[in-house]
K.L.:
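My questions will all concern the structure given below.
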Amino acid sequence: MAIRNHIDSNQPLACVEFPSGPVPLGSNLYIERQPLEAQIYQEITQPGSVIRIKAPRQMGKSSLLVRLLDRAKKLNYRTAYIDFLQAENEVFSSLDKFLRWFCANVSRQLQLPPMLDDYWDEDIGSKVSCTVYFQGYLLEQINTPVVLALNEVNRMFEYPNIAQEFLSLLRSWYEEAKQQEILQKLRLVLVHSTEVYINFDLNQSPFNIGLPVRLPEFNLEQVICLAGHHGIDWTDDTDVRKLMAMVGGHPYLVRLALYHLVNSSPNLDLLLENASQVTGIYSNHLREYLTILQKHSELGAALELVIAAEAGAKLDPIPAYKLASMGLVKLEGDRATFSCNLYRQFFASQKFESHDLQKQIESLQQQIKNLQQASHTDRFTEVANRHYFETHLKQAWQKLAIEQKSVTLILCEIDFFKLYSDRHGQTTADNCLQQVARAIGNCIGQDDLVARYNWAEFAIFLPEQEGGSAFKIAEQIRLQVKQLAIPYNLLGMGGFPSDFITVSLGAANTIACLEKSPEILIEEASEALYKAKRQGGDRATLSIINHEKDSNSSEIC
């Protein structure tokens with residue numbers, strides 16, 4: 001191996017900084033992975049585009065993002081950069097607080113004064129307010145495309161409820177941009193580490209829109225080029241093949257080796273001999289992975305199968321996918337092999353099983369809790385199921401009856417849902433149900449309950465709610481669902497109250513008492529719902545049941 005002062009007579013050797021953080025603009029230590037760069041540079045020019053850059057840690061995501069934003073500025077686009085690692089924990093205490101923080105930061109990035117109070121309306125909800133703020137204020141003030149880069153999106157997955165709501169909001173903007181010109185100005189770039197899948201339910205992944213960009217490892221020619229930029233002549237590819245046999249083409253692992261070869265340890269064979277040891281140059285990187293595997297014993301057990309296999313191990317799909325997302329293994333057909341020898345050598349000498357009895361007890365308790373929760377939950381919409389609702393209603397009624405408190409039940413049904421399902425199929429219908437369920441959940445309080453009551457019908461139980469305030473909640477739900485703008489797309493069929501999915505709602509309010517059964521609440525809410533549907537749908541009606549036996553039904557529209 002020869003270390004030289006210049007790559008050629010016209011290209012001076014770069015100052016070789018320690019590999020940490022994104023590679024600065026102008027540094028010749030950045031290696032392009034064409035045609036990837038050309039593809040995303042083209043995609044950012046498309047109206048309403050979304051680019052999702054994903055890869056395991058230290059693969060070069062931030063370095064690519066820096067160059068994408070630089071390209072956007074050269075196109076005279078406005079740019080805003082949000083790093084979720086900069087958000088305090090308090091920001092994630094509620095969806096409303098998070099979205100206000102998000103809008104305020106984007107405003108300042110675009111050098112516009114935050115005008116949140118002028119656009120925020122608690123009656124329509126924080127997601128709709130956020131949308132109105134972007135459409136009616138931010139994008140309206142700017143005449144050029146706006147590139148909004150969201151880095152470290154994986155931070156949000158510490159707060160799954162907020163992550164689900166926020167990313168579904170971004171998805172709705174992406175869909176609406178196909179019809180709304182104002183949203184076509186917005187170009188979204190989401191950057192996240194694939195390690196987030198360790199704690200995230202893969203069946204609920206929101207990363208399913210736009211252009212997915214997964215960063216590949218460097219190939220042989222790219223590693224030779226990077227070595228040259230470090231002043232190392234590897235035109236004879238013997239040494240580069242030695243290095244790649246140990247660490248593959250992982251950008252960070254390659255750069256770290258080259259840094260040490262230039263600055264402290266010019267003997268490649270010695271460096272590789274100690275690579276997997278605790279005293280080696282990769283010790284911090286390896287220990288971070290070991291911590292994750294010891295915390296998630298199912299992944300450690302799966303990796304032990306890979307260690308024991310000569311020609312790759314056949315793993316269950318979920319741990320196989322998660323290990324591949326971490327970058328530890330490569331999947332070839334139904335078999336997993338280590339992505340590089342460094343990981344094989346290091347993890348072959350480690351133990352992943354935790355013998356902490358308390359941790360085992362906590363794990364079993366969590367499994368029991370998960371099973372109990374699953375028995376109470378509708379598997380499609382993830383709200384409570386009918387059985388749990390009926391049990392909860394009876395128990396709550398008894399408690400409220402002792403104190404003779406007000407109680408309200410709302411029945412909410414999606415209008416013309418059978419026609420919609422027959423025309424679009426089960427998958428699309430299920431997706432609609434999920435979105436409506438989330439919209440309802442956004443409108444109710446922590447002590448309230450929403451359940452899937454029938455096929456396209458939801459029950460919303462509001463303890464201690466008066467009729468008037470409950471009706472406002474029903475109206476808010478109706479508007480929230482309409483704001484989702486899920487198109488009916490029933491061509492050739494007329495007579496619908498809206499071009500988009502709507503709901504009808506029947507609310508019933510009474511004073512709980514021991515002489516009555518909660519069935520009276522269900523019967524009256526059903527009658528109110530029938531009245532709303534009979535009048536064309538897309539409306540809410542309220543029935544107030546007198547404390548005596550008779551009911552006084554009144555409609556409020």
K.L.:
Quick one, V132 and D121 - any side-chain contact, counting heavy atoms below 4.5 Å?
P.N.:
no
K.L.:
Can you tell me which residue among L150, I51, N151 is in a side-chain contact (heavy atoms from CB on, under 4.5 Å) with L65?
P.N.:
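Among L150, I51, N151, the one that satisfies the side-chain contact (heavy atoms from CB on, under 4.5 Å) with L65 is N151.
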K.L.:
If you count the non-hydrogen atoms of other residues, nucleotides and ligands that lie under 6.0 Å from CG in D447, is the total more than 12?
P.N.:
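Not buried by this count: 12 neighbours or fewer within 6.0 Å.
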K.L.:
Charged N to carboxylate O under 4.0 angstrom, E298 versus K322?
P.N.:
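Result for this pair is no, no salt bridge flagged.
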K.L.:
Using atom types as modelled, flag every donor-acceptor pair under 3.5 Å from a side chain in residues 452-459 to any protein atom, sequence neighbours excluded.
P.N.:
unit_1 : atom_1 : unit_2 : atom_2 : d
R452   : NE     : W455   : O      : 3.1
R452   : NH1    : D378   : OD1    : 3.4
R452   : NH1    : D378   : OD2    : 3.4
R452   : NH2    : W455   : O      : 2.9
Y453   : OH     : R386   : NH2    : 3.2
N454   : OD1    : R386   : NH1    : 2.9
N454   : ND2    : E457   : OE1    : 3.2

K.L.:
Would you find a donor on one side and an acceptor on the other, under 3.5 Å apart, between the side chain of S504 and the backbone of D538?
P.N.:
yes
K.L.:
Do other residues, nucleotides or ligands put more than 12 heavy atoms under 6.0 Å from the CD atom of E403?
P.N.:
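More than 12 heavy atoms, drawn from other residues, nucleotides or ligands, come within 6.0 Å of this atom.
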K.L.:
Could you pull out the closest heavy-atom pair between D96 and S126, with the gap in Å?
P.N.:
OD1-CB, 3.2 Å
K.L.:
To the closest 0.5 Å, what do you measure between CD1 (I460) and CG (L409)?
P.N.:
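One gets 7.5 Å once the value is rounded to the nearest 0.5 Å.
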K.L.:
Mind checking the CZ-CG spacing from F380 to L433? Nearest 0.5 Å is all I need.
P.N.:
9.0 Å
K.L.:
Is any side-chain heavy atom of T377 less than 4.5 Å from a side-chain heavy atom of Y388?
P.N.:
no
K.L.:
Is a donor on one side and an acceptor on the other found under 3.5 Å between the side chain of T541 and the backbone of G506?
P.N.:
no
K.L.:
Please give me the minimum heavy-atom distance between A336 and L331, naming the atom from each residue.
P.N.:
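Nearest pair, atom of A336 first, then L331: CB-CD2, 3.7 Å.
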K.L.:
Going by salt bridge (charged side-chain N to carboxylate O under 4.0 Å, His left out), name the residues that satisfy it together with E175, two or more places apart in sequence or in a different chain.
P.N.:
K178
K.L.:
Looking only at side chains, do N105 and Q109 share a donor and an acceptor under 3.5 Å apart?
P.N.:
no
K.L.:
Using the side chain to side chain contact (heavy atoms under 4.5 Å, CB included) criterion, which residues pair with E90? Sequence neighbours excluded.
P.N.:
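Per chain and number, E90 pairs via side chain to side chain contact (heavy atoms under 4.5 Å, CB included) with S93, K97.
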K.L.:
Applying ring pair (Phe, Tyr, Trp, His ring centres under 6.0 Å), which residue pairs with at least one partner in residues 516-546 are found, sequence neighbours left out?
P.N.:
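Every pair satisfying ring pair (Phe, Tyr, Trp, His ring centres under 6.0 Å) with a residue in residues 516-546: there are none.
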K.L.:
Restricting to ring-ring contact (aromatic ring centres under 6.0 Å, His included), what partner residues turn up for Y159, sequence neighbours left out?
P.N.:
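By the ring-ring contact (aromatic ring centres under 6.0 Å, His included) rule, Y159 matches F92.
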K.L.:
Any idea which heavy atoms bring W101 and A87 closest together, and the distance?
P.N.:
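Here W101 and A87 meet closest at CZ2-CB, 3.5 Å.
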K.L.:
Do L148 and F134 touch side chain to side chain, with heavy atoms closer than 4.5 Å?
P.N.:
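Sidechains of F134 and L148: in contact.
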K.L.:
Below 4.5 Å, heavy atoms only, C-beta onward: do L293 and F347 meet side chain to side chain?
P.N.:
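The answer is yes, as the side chains (C-beta and beyond) meet within the 4.5 Å cut-off.
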K.L.:
With R57 as the cation and Y289 as the aromatic partner, state whether NZ or CZ is under 6.0 Å from the six-membered ring centre and within 45° of the axis.
P.N.:
yes
K.L.:
Hey, does the side chain of T408 reach the backbone of Q465 with a donor-acceptor pair shorter than 3.5 angstrom?
P.N.:
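Yes, the answer is positive, given that a donor and an acceptor are paired below the 3.5 Å cut-off.
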K.L.:
Could you state the interatomic distance from CG (L328) to CG (L303), rounded to the nearest 0.5 Å?
P.N.:
6.0 Å
K.L.:
Sub-3.5 Å donor-acceptor pair from the side chain of K61 to the main-chain atoms of P56, do we have one?
P.N.:
yes
K.L.:
Restricting to non-hydrogen atoms, name the atom on V383 and the atom on A437 that form the minimum distance, rounded to 0.1 Å.
P.N.:
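Minimum heavy-atom contact is CG1-CB, 3.9 Å.
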K.L.:
So, taking the atom named CD1 in I473 and the one named CD1 in I444, what distance separates them when rounded to the nearest 0.5 Å?
P.N.:
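I473 atom CD1 to I444 atom CD1 measures 8.5 Å (nearest 0.5 Å).
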K.L.:
Salt bridge check: are K472 and D123 linked by an N-O gap of less than 4.0 Å?
P.N.:
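Salt bridge between K472 and D123, a charged N being under 4.0 Å from a carboxylate O: no.
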K.L.:
Any side-chain to backbone donor/acceptor pair from T510 onto I545? Under 3.5 Å, distance only.
P.N.:
yes
K.L.:
Hey, could you give me the CG/CG distance between L139 and L183, rounded to the nearest 0.5 Å?
P.N.:
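If we round to the nearest 0.5 Å, L139:CG and L183:CG are 6.5 Å apart.
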K.L.:
Between I522 and L411, which heavy-atom pair has the shortest distance, and what is it?
P.N.:
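That closest heavy-atom pairing would be O-CD1, 4.1 Å.
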K.L.:
Under 3.5 Å, is there a donor-acceptor pair linking the side chains of K531 and S543?
P.N.:
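Note: K531 and S543 side chains miss the donor-acceptor criterion.
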K.L.:
side-chain contact (heavy atoms from CB on, under 4.5 Å) for S517 and W397? Distances and angles first, verdict last.
P.N.:
CA-CA 8 Å; S517 163; W397 181 273; 5.9 Å; no
K.L.:
Output all residues satisfying side chain to side chain contact (heavy atoms under 4.5 Å, CB included) with Q476, sequence neighbours left out; order by chain, then residue number.
P.N.:
C443, Q480
K.L.:
Can you check whether L188's main-chain N or O pairs, donor with acceptor, with Y174's side chain at less than 3.5 Å?
P.N.:
no
K.L.:
Enter the distance from C432:SG to I501:CD1 here, rounded to the nearest 0.5 Å.
P.N.:
4.5 Å
K.L.:
Please assess N509 against F471 for the test side-chain contact (heavy atoms from CB on, under 4.5 Å), listing each intermediate value before the final yes or no.
P.N.:
CA-CA 9 Å; N509 171 263; F471 181 78; over 6 Å; no
K.L.:
Give me the atom names and distance for the closest heavy-atom approach of N89 to R155.
P.N.:
OD1-NH2, 2.7 Å
K.L.:
Compare all side-chain heavy atoms of V128 with those of L479 and state whether any distance is below 4.5 angstrom.
P.N.:
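No, side chains not in contact.
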K.L.:
Would S168 and K127 count as a side-chain hydrogen bond (donor to acceptor under 3.5 Å, both in side chains) if you check the C-alpha gap in whole Å, the side-chain angles of each, and the deciding distance to 0.1 Å?
P.N.:
CA-CA 10 Å; S168 69; K127 287 172 70 174; 3.2 Å; yes
K.L.:
Hey, does the side chain of S469 reach the backbone of E466 with a donor-acceptor pair shorter than 3.5 angstrom?
P.N.:
yes
K.L.:
Hey, are Y133 and S107 close enough side-chain-wise for a donor-acceptor pair under 3.5 Å?
P.N.:
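Yes, because at least one side-chain N or O of S107 sits under 3.5 Å from a partner of the opposite role on Y133.
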K.L.:
Give the intermediate values and the outcome of side-chain contact (heavy atoms from CB on, under 4.5 Å) for residues L112 and I142.
P.N.:
CA-CA 10 Å; L112 293 171; I142 298 173; 4.2 Å; yes
K.L.:
Check whether any side-chain heavy atom of L169 sits under 4.5 Å from a side-chain heavy atom of L99, and report yes or no.
P.N.:
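The answer is yes; the side chains approach within 4.5 Å.
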K.L.:
Taking the six-membered ring for Trp, are F102 and F84 parallel (under 30°), tilted (30 to 60°) or perpendicular (over 60°)?
P.N.:
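Ring orientation, 0 to 90° scale: parallel.
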K.L.:
Given Q111 and R78, is the side-chain contact (heavy atoms from CB on, under 4.5 Å) satisfied, shown in steps?
P.N.:
CA-CA 10 Å; Q111 298 180 333; R78 297 286 293 276; 4.3 Å; yes
